[in-house]
Amino acid sequence: MRNWFHSIGARIFAGFGLFIATLAVFFVLTARTTKTQARLLDESMALDEAKSDVAKLQQSVEAMRAYSLLVARLPEPVHLHVDAHHSLDQHQAGFATKLAELREQAPDQEGLHQRLYRNHLAMDALLDHLQGLVPPGTRKADFDANFDTMVRVDEILDNPFDPGEDLSSRLDSVEAGLTALESHFEQAIRITDDEVEASGRRLDALVRWISLFVLLAGLAIAAGVTRAIRRPLRKVRARLMYLSRGVDHPFPMRARKDEIGEMAEALDRLATGLKRTREFSAAVGQGRFDAEYTPLSEEDILGKTLIAMRDDLASYEREMEAKVEERTEVLKQQTDQLEAQGEEIRKLYTDLTSSIDYARRIQGAILPSDTLRKGVFDRQFVLHMPRDGVSGDFPWFHKLDAWRLMAAVDCTGHGVPGAFMSLLGHNALQHIGKVYTQPGKILDRLNEMARNVLHRGEDSSLEAKDQVPDGMDLGLVSINLEERKMEFAGANAPAYLVRNGEVTELKPDKRAIASFEPGEFRFNTQVVSLEDGDMVYCASDGYPDQFGGPRGRKFMRKRFRGLLAELSALPVDRQEEELRQRIEAWRNEADEEQVDDILVCGVRIRLG
């Protein structure tokens, strides 16, 4: 404990202890000022709310006055009087409650509150009496025919023989009382705001004093600590700098009882040990493996390690000389082999890239051009985003007589395998489309042809393990603009009809093309009527299955349907661009790669 009082930590502790104690006093004063300011702010907010309630009551009085004027002339049609009657009931309902709440906010205005309450009771009674004489639905002709009622109504509204007791006088009294109460709240708000401002100035001054104190106290503590330890630390630093360069320090240092003195003694011992270590390392480096070295102590791990290293180096040198020639020869053989393999890999990569480019050109040749698509539908778009250059998704547009056909086809796989499947599917659809226009029959025929081409089923000449397990999903629509109708059939792929922002999803059959024997199942054809301006969409599952967004999840069909509804009113070329930008933004938000080929086809229906 005695040594601790001489340490640097004790000096720093004393300085910071005084600093923290003074800060605590400042913080207590700041907390009290802040609490007072918060209380004043609450009072100001309560007064503002009370003033707002007075304004609402004044509006109710104006509504009651308007009702009394309306009764005097009973307008036509009758429902104006009925609506005013219901409005009056609403204004009367909470009037007394609001007066009670205002009484709590201004207890020093008891006389004013009593007058307001008396006038309110009299005003309510006159209004109730008036409503009884002229109930809702009273017509002006009926009212004019009843002379006694007219006289009584005039007395209630404005009685010159009993001034101060009619409805007009009571309304004026209530309004005057509310005006006086509003003036009282305005004055109270001004006083409270002045107190809040004064409290803010006190808090600002206190913060300024705290900031000044923190600055001055920090400077004082820094100066004291620097004076106590900076000079000896500079000497210790100088010794360390010499040692870091591998040079013995040239000057001694006065003995101290604190941590810096202990560090200086340790540095002296370290310098001596490093000098001996340097001499021993130099001897071992020169190949003198018989050089002697004595560790600093039994715990000197470095010294013992150096001795072990000397012995290991001697043994290792002998082994290495024998292995160098053997390793050199092996390395030369491996280098020659790697160079040969690298050349082969470069050739394979070049061939593969050329094959993919050629497959992309072939697939591009069969896909419907914009001119061909416009020959079928003048307002249409195709969003086609292959994942790997070539795609297993492809659009199909065809026209036969009055029927116009569109399909979005998703073949098994993507890349080159998917592209091969798309060639088979496109050729089959082109052949079938020359004969059939009904979507269900087209899908039945496509299933039969795909089964035959892929050698699937019990009659196949191939064994089960050699049969191709691929197939395709698609949504197919056939549109007759003259008859204003659309037919749809789907194999695991829906179609979407958007009309006036509302999306109708046409459900597909849960069967894929080439997944069953012909005759086992017939695809269903759905018939839908069309209207001018409708949007019809077919799409593969690549868009809703794309991962992305803030949580790295799928886009999902529900969000896809909402997006189609949002974009359906835009021109078709804008729809394609918006769909592309939205899915790219969704994918990039989670830094996800494209997981599948993406295909969306859209057609704007124009009739007549």
Side-chain angles (χ1 to χ4, degrees), residues 353 356-357 359-360 363-364 367 370 373 380-396 406-419 421-422 425 470-475 477 490-498 501-508 510 512 535-604:
T353 304
I356 292 176
D357 289 340
R360 181 168 57 249
Q363 187 179 45
L367 293 178
D370 186 58
R373 299 198 306 267
Q380 47 71 38
F381 75 88
V382 172
L383 173 65
H384 191 204
M385 300 173 62
R387 198 195 80 165
D388 299 317
V390 290
S391 172
D393 293 3
F394 69 92
W396 184 66
M406 176 185 72
V409 187
D410 182 0
C411 298
T412 303
H414 40 73
V416 175
M421 285 297 298
S422 70
D470 295 328
M472 60 188 77
D473 300 335
L474 74 153
V477 295
N492 283 337
Y496 305 94
L497 173 65
V498 183
E502 296 292 331
V503 181
T504 300
E505 180 175 347
L506 304 178
K507 302 294 185 180
K510 299 300 182 180
M535 278 298 301
V536 179
Y537 302 91
C538 292
S540 67
D541 58 1
Y543 206 107
D545 285 351
Q546 177 60 49
F547 288 94
R551 299 184 179 179
R553 296 182 176 177
K554 287 185 177 182
F555 195 85
M556 302 303 290
R557 288 192 183 277
K558 181 178 180 181
R559 186 179 282 107
F560 181 57
R561 291 195 299 269
L563 181 57
L564 294 181
E566 177 187 346
L567 303 180
S568 61
L570 298 177
V572 290
D573 54 345
R574 281 286 309 282
Q575 292 188 44
E576 177 188 355
E577 185 61 29
E578 284 292 327
L579 284 168
R580 185 186 304 276
Q581 292 178 0
R582 296 290 182 89
I583 199 63
E584 289 290 350
W586 174 265
R587 181 175 63 81
N588 292 332
E589 188 174 359
D591 195 20
E592 293 281 353
E593 297 292 334
Q594 185 172 334
V595 299
D596 196 1
D597 300 324
I598 293 176
L599 175 62
V600 182
C601 304
V603 170
R604 174 79 69 188

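For this chain, numbers begin at 1 and follow the sequence in order.
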Within 6.0 angstrom of Q581 CD, more than 12 heavy atoms from elsewhere =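 Result for CD/Q581: enclosed.
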
Within a radius of less than 6.0 Å around CG of D591, do more than 12 heavy atoms belonging to other residues, nucleotides or ligands occur?
->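 No, the 6.0 Å shell around CG holds no more than 12 heavy atoms from other groups.
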
How long is the straight-line distance from [atom2] of [Y] back to [atom1] of [X], given to the nearest 0.5 Å?
| X | Y | atom1 | atom2 | result |
| --- | --- | --- | --- | --- |
| L579 | F381 | CG | CZ | 5.0 Å |
| E576 | L570 | CD | CG | 12.5 Å |
| N492 | D410 | CG | CG | 10.0 Å |
| N588 | E593 | CG | CD | 9.5 Å |
| E505 | L497 | CD | CG | 11.5 Å |
| D573 | Q380 | CG | CD | 10.0 Å |

Under a 4.5 Å cut-off applied to non-hydrogen side-chain atoms, are [X] and [Y] in contact?
| X | Y | value |
| --- | --- | --- |
| P494 | L506 | no |
| R557 | D541 | yes |
| P395 | L599 | yes |

Minimum heavy-atom distance [X]-[Y], with the two atoms named:
| X | Y | value |
| --- | --- | --- |
| V572 | R604 | CG1-CB, 4.1 Å |
| D388 | D597 | N-OD1, 4.4 Å |
| A565 | S568 | O-OG, 3.1 Å |
| A491 | A512 | CB-CA, 4.4 Å |
| S391 | P386 | CB-CB, 3.6 Å |
| F547 | G552 | CD2-O, 3.5 Å |

Worked check of side chain to side chain contact (heavy atoms under 4.5 Å, CB included) between Q575 and M535 = CA-CA 11 Å; Q575 292 188 44; M535 278 298 301; 3.6 Å; yes

Note: E577-R574 ion pair, threshold 4.0 Å (strictly below) |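 Salt bridge flag = no for R574 with E577.
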
Chi angles and distances behind the side chain to side chain contact (heavy atoms under 4.5 Å, CB included) call for D596, D545 | CA-CA 8 Å; D596 196 1; D545 285 351; 5.5 Å; no

Kindly determine whether M385 and E584 satisfy side chain to side chain contact (heavy atoms under 4.5 Å, CB included), including the steps that lead there.
-> CA-CA 11 Å; M385 300 173 62; E584 289 290 350; 3.1 Å; yes

For G548, does its backbone N or O pair with a side-chain atom of E589 as donor and acceptor, under 3.5 Å?
->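 Pair absent, no side-chain N/O of E589 close to backbone of G548.
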
Within the side chain of Q594, is there an N or O that forms a donor-acceptor pair under 3.5 Å with the backbone of Q546?
->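 Answer holds: no.
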
For side chain to side chain contact (heavy atoms under 4.5 Å, CB included), just list the numbers for R387 and I598, CA-CA rounded to whole Å, side-chain angles, deciding distance to a tenth of an Å, and then say yes or no.
-> CA-CA 8 Å; R387 198 195 80 165; I598 293 176; over 6 Å; no

Residue pair Y543 / R582, side-chain donor-acceptor N/O under 3.5 Å =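 Note: Y543 and R582 side chains miss the donor-acceptor criterion.
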
